[in-house]
Amino acid sequence: MHSDPLVIAGKTLSSRLIVGTGKYANYQVMQRAHAASGADMITVAVRRVNLTDRSTESLLDHVDRKQYALLPNTAGCYTADDAIRTARLGREAGLSEWVKLEVIGDERTLFPDNAALLEATRVLVQEGFVVLPYTSDDPVICRQLEDAGAAAVMPLGAPIGSGLGIQNRNNIQIIKEFAGVPVIVDAGVGTASDAAIAMELGVDGVLMNTAIAAAQDPVAMAEAMKLGVVAGRKAYLAGRMPRRRYATASSPPEGLVTGR
Amino acid sequence: MRITLNGDPYDLAEPLTIAQLLATLDIDPRGVAVEHNLSIVKHVGFDSTEVRSGDQVEIVNFVGGG
């Protein structure tokens, strides 16, 4: 395939698919799924070290950092302060400036608190972070995040872990039209066609975790997602035919054998 | 002396550096991040930063997430 890399903040990613590390049955399945996905960036969460059980294996023992760039997240943070604190810890643990910034506003939907997200983005950009905020499928907040210095904007396709697919295609398309930074659809993908649809809308990439990790066969689904993203991207670049409400015949009307 | 470690009370016989505390806890300093009284301690500061009575320490690492 000709070179069509995703470039975020000057970093070139060969894959437009970014995948998570959560919810896998074990690290072996995770590693095989990562390999099958073709991704070169993976998300990780920042949590307190388990002090009582030191026998538990470390995630980083199962991630080849030469192959995968780490994208620490601030998942589970409900205030700008907590997200900023978690981002700083993630930077120390991973020795990278990149952060997938989440500030959650509601427990049931895990929808973002966009006011707090904007505030945290401003602070972290000031501190030299490469901020990739998870946000609503709202063109206005995406533009505000970009103005605040976000390196990409990551609107949700549907609630995190819902697998519902892209709920508001029109908004995602408008976000892409407005954006001067890469747009990554983050969350909501359920299966490969959802990833393809996101890419067909023109976005620059897709980030997912549960759709792969919670599939019956995560390794096979990871490959399906890779292909879905590639197919969607190619279709977008190819330029789809216009939609019509009525049929137009594919075969010529002339020379038809008719009558008797 | 008592400190707060990852949100819970924790007793130490004497003040320790972050590096000594990690060793006591059998934690590999690679891949962890440490916050001491709400400030990040860079890895180069693990040997020079001392934890005293009443201090608040957070030790985090990466876990699976999306």
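Just so it is clear, the model here is predicted, and its values are computed rather than measured. Quick note on labels: first sequence line is chain A, next is B, and so on, each numbered from 1.
- Across E102(A), M208(A), M30(A), R85(A), the residue that shares the most heavy-atom pairs under 4.5 angstrom with chain B is R85(A).
- For R32(A), the CZ atom is loosely surrounded, since the number of other residues' heavy atoms within 6.0 Å does not exceed 12.
- Although no hydrogens or angles enter the test, the distance criterion places no donor-acceptor pair under 3.5 Å between the side chain of R91(A) and the main chain of E97(A).
- With chain B as the partner, the residue from G76(A), G90(A), A213(A) showing the most heavy-atom pairs under 4.5 Å is G90(A).
- Looking at I27(B), the atoms closer than 4.5 Å to chain A (heavy atoms on both sides) sit in the backbone and in the side chain alike.
- Residue with the most contacts toward chain B among K100(A), K23(A), H62(A): K100(A) (heavy-atom pairs, distance under 4.5 Å).
- Here V49(A) is the residue among L70(A), L59(A), V49(A) with the most heavy-atom pairs under 4.5 Å with chain B.
- Panel note: side chain H34(A), backbone D40(A); no donor-acceptor pair is recorded below 3.5 Å.
- No donor-acceptor pair under 3.5 Å is formed between the side chain of S136(A) and the backbone N or O of D138(A).
- Taking chain B as the reference chain and counting heavy-atom pairs below 4.5 Å, the highest number among N209(A), L71(A), L89(A) is found for L89(A).
- Formation of a donor-acceptor pair under 3.5 Å by the T21(A) side chain with backbone atoms of G65(B) is found in this model.
- R65(A) places a side-chain N or O within donor-acceptor distance of the main-chain N or O of G94(A), the cut-off being under 3.5 Å.
- For I40(B), the part lying near chain A is the side chain, with the backbone staying farther off; criterion is any non-hydrogen pair under 4.5 Å.
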